[in-house]
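Model, not experiment: these values are computed from the prediction. Scope of the values below: all heavy atoms of this structure, side chains included, with no hydrogens, waters or symmetry mates.
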Amino acid sequence: MMKYILTSILLFGLTLGQAQQQVDFPLGEKITFKIYYGWFALGEASMDIDDSLIREGEESFYHTKVEAGTVGLFSWLAGINNQYTGVVSTDDYKAIKSEKHLDERDGKSDQWNVFDYKEMKTYVKEIEHDKGKGLRSFTVDLTQNTYDIHGTYMYLRSQLGQKFRKGDSIMFKTYWHEKLYDFGMEYGGEEKIKFNGQKVKVKKYYGLFPISKTFPEERAVEVYIMEKDGLGIPLLIEAKMKIGKVRCELKTYEVKGQELITLE
């Protein structure tokens with residue numbers, strides 16, 4: 001349960017922030033959130049982009065990393081220390097490869113993905129260490145509008161420059177583990193929220209994905225984005241879940257080690 005909470009909420013929240021530069025995202029960017037269940041600190045999660053691009057021939061790629069883990073009491077109850085890395089095209093935000101390394105209370109696993117959009121296949125290798133089954137290889141079919149967790153991050157952020165009207169939405173497929181899932185966002189208009197003791201103007205977005213045991217209603221995830229110096233920065237994420245409301249607050253926004261926004 002805890003891994004789906006950390007991953008699902010942060011995936012949508014971290015996608016929503018864009019920079020208007022020669023590349024869509026500032027190199028060396030890192031966004032860190034603290035996650036709360038009620039008043040209890042549940043965990044921390046971050047997503048960062050390397051300081052430089054990866055180049056293969058005439059193509060260039062971002063190298064991204066997501067880290068998510070529990071803190072305090074929740075580390076003892078449901079310890080999680082997960083890492084996800086990806087190599088994502090700067091042109092269409094589709095990953096060419098990615099890795100997932102999970103260290104959780106119920107076991108450890110590693111997964112490596114290679115995405116082939118010509119053959120429309122994802123070639124997967126996976127080891128679930130505590131099950132003693134060794135290396136498993138399999139394929140997952142792709143579609144042209146499929147993105148993995150890293151490509152989802154890039155693609156959604158690239159769309160924020162569009163002039164959305166309230167109620168406008170975009171949908172696509174997100175690849176996770178062995179399946180493709182419907183995923184998207186809907187623009188909810190402008191609001192004001194309290195952040196760092198001040199009322200700030202934000203844009204509101206809803207996460208769109210299938211109703212499940214974890215997220216039992218539509219538009220269960222709400223994300224609030226502040227525009228600052230040409231950047232869209234997620235300040236707050238709220239998720240209505242079966243276990244109650246989970247809240248993610250921006251801890252720091254930094255570029256190449258320089259903190260531009262810090263929660264005081």
Side-chain angles (χ1 to χ4, degrees), residues 2 5-21 24-49 65-75 77 80 153 156-157 159-167 185-208 215 217 219-241 243-264:
M2 295 304 301
I5 294 173
L6 291 175
T7 302
S8 301
I9 298 175
L10 267 296
L11 170 61
F12 188 76
L14 289 169
T15 59
L16 298 179
Q18 181 183 11
Q20 304 297 329
Q21 300 186 5
D24 286 333
F25 314 98
L27 301 179
E29 175 193 74
K30 183 175 183 178
I31 304 175
T32 303
F33 279 91
K34 293 209 72 166
I35 308 170
Y36 296 91
Y37 175 52
W39 293 103
F40 295 99
L42 180 68
E44 279 196 10
S46 64
M47 188 159 197
D48 63 81
I49 302 173
K65 179 171 67 175
V66 176
E67 296 181 297
T70 47
V71 297
L73 175 63
F74 284 96
S75 292
L77 294 174
I80 292 174
Y153 168 75
L156 277 179
R157 291 185 66 179
Q159 297 301 301
L160 292 184
Q162 306 296 324
K163 293 184 178 180
F164 290 114
R165 294 178 297 179
K166 189 173 181 179
M185 68 177 184
E186 178 183 317
Y187 180 53
E190 295 185 348
E191 293 188 10
K192 285 189 176 182
I193 64 170
K194 192 173 183 179
F195 181 78
N196 263 357
Q198 300 181 18
K199 285 281 188 177
V200 294
K201 186 178 179 180
V202 295
K203 292 184 176 181
K204 181 179 181 179
Y205 293 87
Y206 297 100
L208 302 178
F215 299 101
E217 61 181 81
R219 299 178 179 84
V221 176
E222 300 175 354
V223 184
Y224 299 87
I225 307 296
M226 178 183 71
E227 293 185 354
K228 178 178 174 63
D229 300 328
L231 299 174
I233 302 172
L235 299 183
L236 176 67
I237 308 165
E238 293 183 330
K240 299 174 184 176
M241 309 180 71
I243 63 169
K245 182 178 285 188
V246 175
R247 186 177 79 260
C248 307
E249 295 181 359
L250 178 70
K251 180 181 178 183
T252 57
Y253 177 85
E254 57 188 276
V255 176
K256 295 186 176 179
Q258 180 181 1
E259 292 186 357
L260 304 180
I261 296 179
T262 302
L263 180 62
E264 299 175 353

Legend entry - Pairwise distance CZ(F33) to CG(L235) - rounded to 0.5 angstrom: 7.5 Å
Legend entry - K30 side chain reached by T252 side chain, heavy atoms, under 4.5 Å: no
Legend entry - Euclidean distance, R219 CZ relative to M185 CE, rounded to 0.5 Å: 14.0 Å
Inset, instruction - Take atom NZ of K204 as the centre, draw a 6.0 Å sphere, and report whether it contains more than 12 heavy atoms from other residues, nucleotides or ligands. - result: yes
Legend entry - Closest contact, heavy atoms only, P26 versus Y253: CG-OH, 3.7 Å
Inset, instruction - May I ask you to test the I31-M47 pair for a side-chain heavy-atom distance under 4.5 Å? - result: no
Legend entry - Over all atoms of both residues, closest heavy-atom pair of E217 and K240: OE2-CD, 3.7 Å
Inset, instruction - Would you name the heavy atoms of P234 and L250 that are closest together and state the gap between them? - result: O-CB, 3.6 Å
Legend entry - Straight-line distance of F25 CZ to I49 CD1, nearest 0.5 Å: 6.5 Å
Legend entry - Rounded distance (nearest 0.5 Å) linking atom NZ of K203 with atom CE of M226: 13.0 Å
Legend entry - Atom pair OH/CD1 of Y205 and I225 - distance to nearest 0.5 Å: 7.0 Å
Legend entry - Exercise: identify the closest heavy-atom pair between Y224 and V202: CD2-CG2, 3.8 Å
Legend entry - Value rounded to 0.5 Å, distance of CD in E249 from CZ in F195: 8.0 Å
